Asks: 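After the structure tokens below, expect a handful of questions from me.
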Amino acid sequence: LLTKSGASCTTWFPEIARALQSLPGGPHVIDGEACVLREDGTSDFNLLQDRARRRKWFPGASVVTYCVFDLLVKDGQLIINLPLTHRKQMLQELVEQVSEILFVKDLPADAALFHSMTLPLDKGGLGLQIEGVIAKRRASLYWPGARMNDWRKIKRPGWQEGRRWQG
């Protein structure tokens, strides 16, 4: 397991490492995020930071789930030149038997849906406390390290970043 900056975090999240070892075939490169999930299924970044700061599992540690959304290498074959829809289908089939890995499904590109998800409960929304979403064109390829118009980060209005872990 590697962080965004390339540091090894395998010992930080042994439950994810065990889950990945149970996948058939390989080697695989999977793009995803370690998350501590709330009851509503959203990620609690502060609890994940608390867990990561210790750089290991400990008694009473929050459960970390690997939320996966893209497959870059399958069985040793680089597949970044395939459309996102194909890579996600292959990823879903790969992880479907591993309950500790959460396959992140697509949502339709619908601004009203996103707004209703993040609108506070007292205003008729779901009140999800998410930072935002990444919108991706379904046919997009994967370009490592490149910013492209095919992928856009859309932040929730009023979102304020919590504490940040420096590591």
Side-chain angles (χ1 to χ4, degrees), residues 1-38 40-45 47-49 51-52 62-118 126 128-156 159 161 165 167:
L1 298 177
L2 299 175
T3 65
K4 189 181 202 178
S5 64
S8 176
C9 60
T10 303
T11 59
W12 306 0
F13 308 119
E15 62 268 59
I16 293 176
R18 280 191 303 275
L20 290 172
Q21 286 174 342
S22 71
L23 293 176
H28 309 297
V29 176
I30 299 173
D31 195 1
E33 290 194 25
C35 295
V36 174
L37 300 177
R38 298 182 188 104
D40 67 3
T42 59
S43 179
D44 187 318
F45 185 69
L47 287 178
L48 180 66
Q49 282 184 319
R51 174 75 189 271
S62 298
V63 174
V64 175
T65 301
Y66 192 36
C67 299
V68 299
F69 38 79
D70 208 342
L71 182 62
L72 312 180
V73 173
K74 183 175 187 310
D75 294 322
Q77 298 288 87
L78 188 66
I79 61 170
I80 61 174
N81 59 335
L82 296 176
L84 176 64
T85 52
H86 290 91
R87 297 191 314 269
K88 284 193 74 104
Q89 179 63 39
M90 293 167 76
L91 176 61
Q92 185 174 19
E93 291 168 3
L94 180 65
V95 303
E96 66 188 354
Q97 300 300 317
V98 183
S99 60
E100 297 84 1
I101 299 176
L102 177 65
F103 174 76
V104 178
K105 295 181 180 181
D106 297 336
L107 290 173
D110 184 339
L113 173 63
F114 179 65
H115 181 71
S116 70
M117 289 168 49
T118 59
L126 295 176
L128 298 181
Q129 297 295 308
I130 59 174
E131 177 183 352
V133 296
I134 303 294
K136 299 178 181 181
R137 291 189 194 279
R138 296 172 57 82
S140 66
L141 307 180
Y142 191 96
W143 298 96
R147 292 206 178 256
M148 314 165 332
N149 287 332
D150 283 350
W151 295 11
R152 300 245 171 131
K153 186 172 191 174
I154 304 169
K155 290 198 173 197
R156 176 173 57 90
W159 171 258
E161 193 87 22
W165 171 64

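Predicted model only: the values in this text are computed from it and were never measured.
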Asks: On a heavy-atom basis, which atom in Asn81 and which in Leu78 lie closest, and how many Å separate them?
Replies: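 Heavy-atom minimum between the residues: OD1-O, 4.0 Å.
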Asks: So, for Pro14 and Arg51, which heavy atoms are closest and what is the spacing to 0.1 Å?
Replies: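 Closest pair (atom of Pro14, atom of Arg51, distance): CD-NH2, 3.7 Å.
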Asks: Rounded at 0.5 Å granularity, tell me how far CG in Leu84 sits from CG in Leu71.
Replies: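 The CG atom of Leu71 is 11.0 Å from CG of Leu84, to the nearest 0.5 Å.
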Asks: I need the single residue from Ile16, Leu2, Leu1 that forms a side chain to side chain contact (heavy atoms under 4.5 Å, CB included) with Cys9. Which is it?
Replies: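 Between Cys9 and the candidates, side chain to side chain contact (heavy atoms under 4.5 Å, CB included) is satisfied uniquely by Leu1.
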Asks: So, does Lys88 use its side chain to make a donor-acceptor pair with the main chain of Val104 at under 3.5 Å?
Replies: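 Present.
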Asks: To the nearest 0.5 angstrom, please state how far the CD1 atom of Ile30 sits from the CG atom of Leu91.
Replies: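 CG of Leu91 is found 6.0 Å from CD1 of Ile30.
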Asks: Within the side chain of Arg87, is there an N or O that forms a donor-acceptor pair under 3.5 Å with the backbone of Leu82?
Replies: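 Here the side-chain-to-backbone pair exists.
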Asks: Is His28 reaching over with its side chain to a backbone N or O of Lys74, donor-acceptor style, under 3.5 angstrom?
Replies: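 Looks like no, no N/O pair under 3.5 Å.
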Asks: Just how far is it from atom CZ of Phe103 to atom SG of Cys67, taken to the nearest 0.5 Å?
Replies: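 Answer rounded to 0.5 Å: 12.0 Å.
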Asks: Closer than 3.5 angstrom, by distance alone: can the side chain of Glu15 be matched with the main-chain N or O of Val64 as a donor-acceptor pair?
Replies: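 Judged by distance alone, yes, a pair lies under 3.5 Å.
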Asks: Can you tell me how far apart OG1 (Thr3) and CD (Glu33) are? Round to the nearest 0.5 Å.
Replies: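 These two atoms lie 12.0 Å from each other.
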Asks: Heavy-atom distance under 4.5 Å between the side chains of Val68 and Leu94, does that happen here?
Replies: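 Val68 does not reach Leu94 side chain to side chain.
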Asks: Tell me every residue that passes salt bridge (Lys or Arg N to Asp or Glu O under 4.0 Å) with Asp44, counting only those two or more places apart in sequence or in another chain.
Replies: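 Salt bridge (Lys or Arg N to Asp or Glu O under 4.0 Å) check on Asp44 returns Arg38.
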Asks: Val73 and Pro27: which non-hydrogen atoms are nearest, and at how many Å?
Replies: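 Smallest interatomic distance, heavy atoms only, reads CG1-O, 3.7 Å.
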Asks: Which residues pass the salt bridge (Lys or Arg N to Asp or Glu O under 4.0 Å) test with Glu93, sequence neighbours left out?
Replies: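 Applying salt bridge (Lys or Arg N to Asp or Glu O under 4.0 Å) to Glu93 gives none.
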Asks: Are Ser22 and Arg18 packed together at the side-chain level, in the sense that at least one heavy-atom pair is separated by less than 4.5 angstrom?
Replies: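 A side-chain contact under 4.5 Å is absent here.
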Asks: Please say whether more than 12 non-hydrogen atoms of neighbouring residues, nucleotides or ligands are located less than 6.0 Å from CD in Glu96.
Replies: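 Result for CD/Glu96: enclosed.
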Asks: Considering non-hydrogen atoms only, spot the tightest contact between Phe13 and Ala34 and give its length.
Replies: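 The pair with the smallest heavy-atom distance is CE1-CB, 4.2 Å.
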Asks: Asp75 side chain to Gly26 main-chain N or O, any donor-acceptor pair under 3.5 Å?
Replies: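 Flag set: sc Asp75 to bb Gly26 pair under 3.5 Å.
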Asks: I need the Leu37 CG to Thr65 OG1 distance, nearest 0.5 Å.
Replies: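 Atom-to-atom, Leu37:CG and Thr65:OG1 are 4.5 Å apart.
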